[in-house]
Amino acid sequence: MNEPCGFGTVTPKITEELALILGAGSVSSDGEKIAAYSHDEVAERFWDHPYRAEVLVFPESTEQVAAILRLANERRIPVTPRGAGTGLSGGAVPACGGILLSLERMNRILDVDTDNLCMTVEPGVITAEITRAARKAGLLYAGDPCSGDASFIGGNVAENAGGNKVIKYGPTGSSVMALEVVLADGSVTWFGGKRRKDVTGYDFVHLMVGSEGTLGVITKIVLKLLPLPAFGVDLLIPFPTVESAIRFVPRIALEGRVVPAAIELVDHHSLSQAEKFLNTRLPFDQAAAHLIVQLEGNDREVVADETERVGKLALEKDALEVFVADNRSSRDKLWKARKSVAEAIMAYYKNYAKEDIVVPTDKVPELLFSVDALCRKWDLEAANYGHVGDGNIHVNLLMADDRPHWHEEMEKVRTELYATVKELGGTLSGEHGIGLKRKAYLPQFLDKAQLELMQRVKLAFDPKGILNPGKLVFWDKNGEGHEA
Ligand code: MLT
Ligand code: ZN
């Protein structure tokens, strides 16, 4: 059952028309296949009811995407773009049925332009392939989401994925120079270009970034590349308390005079889940928290000097030890553990709130104190980890037991958590997006003026509301005739 959104339905005639555009092999009405594609990493038990697309399509070119949108716009059929399904907010869930547009066959790297230091790709390229292609050319693609081995770059752009290197290089959007976009009516346009500066009109590139498929379908992406740092090390630093770990973070820049590529926090509960999941052990794994600090540069001596400085400073500030991972296998082991935390938690717990909160970095300790208080009040466990250098903590509130009304209870816990986050000057999502999962809470963080402005932007781009309906934007019931 889908939301009553007042859209047209996908009739057999429309399926036939889609097959004419794409070829019969690229259109599926198979119920099982549609079910498999109709969700992301958010388990279906988190929704009131399962959402299902009516038809699944696999375009291979911009022209095909344009033809699909022309048809959908004419008949007012919803279109939900979908990448690899690694999202954590239900952004690719077809909330109003209609056409589920998988971009997995648009998966080519079109050029690696070493003169302009950029790469042009289709949205279905796996993020890690982009990293590898850049590295092969001696260059760095700086996006590094934890799901990079599976996620598609199109999804990274649509959600403005962050990941581990934001502190130095910014989120995905900082690497996006240009986008080819199919608009709701099927017209095709380019925003931006292979240029480093551009104030010729509104910055549509960065309006598209993070717009969760609600404004257009991205069909090509030009990504900025950088020189590849020649040397890198990762410091694994255990601390006796989570607070001491967090308090050390600003010292790295202030007293250490270093801008690391990454500063990640993994608390004890998070680390133990990842260790169990991977059947591995990291040093000092009984410590309350670990920081992972990544340093990189082109001069071996400079990197060694920074490593020593940060290490010495950490020991002065209560660190229990400093482990330096400076070869491929030790670095990989460490990052594998860090990147597995989310999957491990989802494997071992059934009922949880998996959050993506951001607060000003100096408020992280307060945030975590209030998480402790919530856990005591509601009898929950917590696993807190993530991009502490950005103030973006993945607070995971976990129910060890199976409670009959766990969902309602979790909603209350989230409401209380968000009230604190708001008070601390924080916000709802740093990198996972709003999607279906957080939409009800948007008005807690955006005022009426902003919500209305978002509606008007949406209307300007997509007057019939066909693009990923149900996400991000609230529709006026009396306006376009459907409620998202
Ligand atoms: C991460 O940082 O591990 C990812 O954003 C996934 C998550 O923790 O929820
Ligand atoms: Zn993250």
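One-based numbering, in listed order, for ligands and for the atoms of each. Residue indices begin at 1 and follow the sequence shown.
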- [ ] Using 2.8 Å as a strict upper limit, say whether an N, O or S atom of Cys146 approaches the Zn ion (ligand 2) that closely.
- [x] no

Task: Cationic N near anionic O, under 4.0 Å, Asp362 to Arg247 - done: no

Open item on the list: Starting from atom 8 (O) of ligand 1, what is the nearest protein heavy atom, named by residue and atom, and what distance separates them?
Closed with: Tyr385 OH, 2.5 Å

Open item on the list: Apply side chain to side chain contact (heavy atoms under 4.5 Å, CB included) to residues Glu306 and Ile252 and explain how you reach the verdict.
Closed with: CA-CA 10 Å; Glu306 288 185 351; Ile252 299 173; over 6 Å; no

Open item on the list: Show me which atoms of ligand 1 lie under 4.0 Å from any heavy atom of Ala342.
Closed with: 6 (C), 7 (C), 8 (O), 9 (O)

Open item on the list: Any carboxylate oxygen within less than 4.0 angstrom of a Lys/Arg side-chain nitrogen, looking at Glu122 and Lys220?
Closed with: no

Open item on the list: Check this for me - ligand 1, His432, N or O atoms closer than 3.5 angstrom, yes or no?
Closed with: yes

Task: Nearest option to atom 2 (O) of ligand 1, as decided by whichever heavy atom of Glu431, Arg338, Lys339 sits closest - done: Arg338

Open item on the list: Between the side chains of Asp326 and Arg331, is the shortest nitrogen-to-carboxylate-oxygen separation below 4.0 Å, so that they form an ion pair?
Closed with: no

Task: Per-atom contacts, ligand 1 versus Lys354 - under 4.0 Å to a heavy atom - done: 7 (C), 8 (O), 9 (O)

Task: Those atoms of ligand 1 less than 4.0 Å from some heavy atom in Cys146 - done: 1 (C), 2 (O), 3 (O), 4 (C)

Task: Electrostatic pair Arg82:Glu104 at N-O distance under 4.0 angstrom - done: no

- [ ] Output the list of atoms in ligand 1 that are nearer than 4.0 Å to some heavy atom of His387, sorted by atom number.
- [x] 2 (O)

TODO: Grab the two heavy atoms, one from Val421 and one from Val358, that are nearest each other, plus how far apart they are.
DONE: CG1-O, 4.3 Å

Open item on the list: Less than 4.0 Å is my threshold; does some heavy atom of Val341 fall inside it relative to ligand 1?
Closed with: no

TODO: Give a yes or no on whether His387 keeps an N, O or S atom under 2.8 Å from the Zn ion (ligand 2).
DONE: yes

TODO: Decide, yes or no, whether a salt bridge links Arg328 with Asp332 under the criterion of side-chain N to carboxylate O below 4.0 Å.
DONE: yes

Open item on the list: Below 2.8 Å, can you find an N, O or S atom of Glu431 next to the Zn ion (ligand 2)?
Closed with: yes

TODO: Would you please say whether a donor-acceptor pair under 3.5 Å links the side chains of Thr214 and Asn468?
DONE: no

- [ ] With heavy atoms only and a cut-off of under 4.0 Å, state how Asp356 meets ligand 1: side chain, backbone, both or neither.
- [x] neither

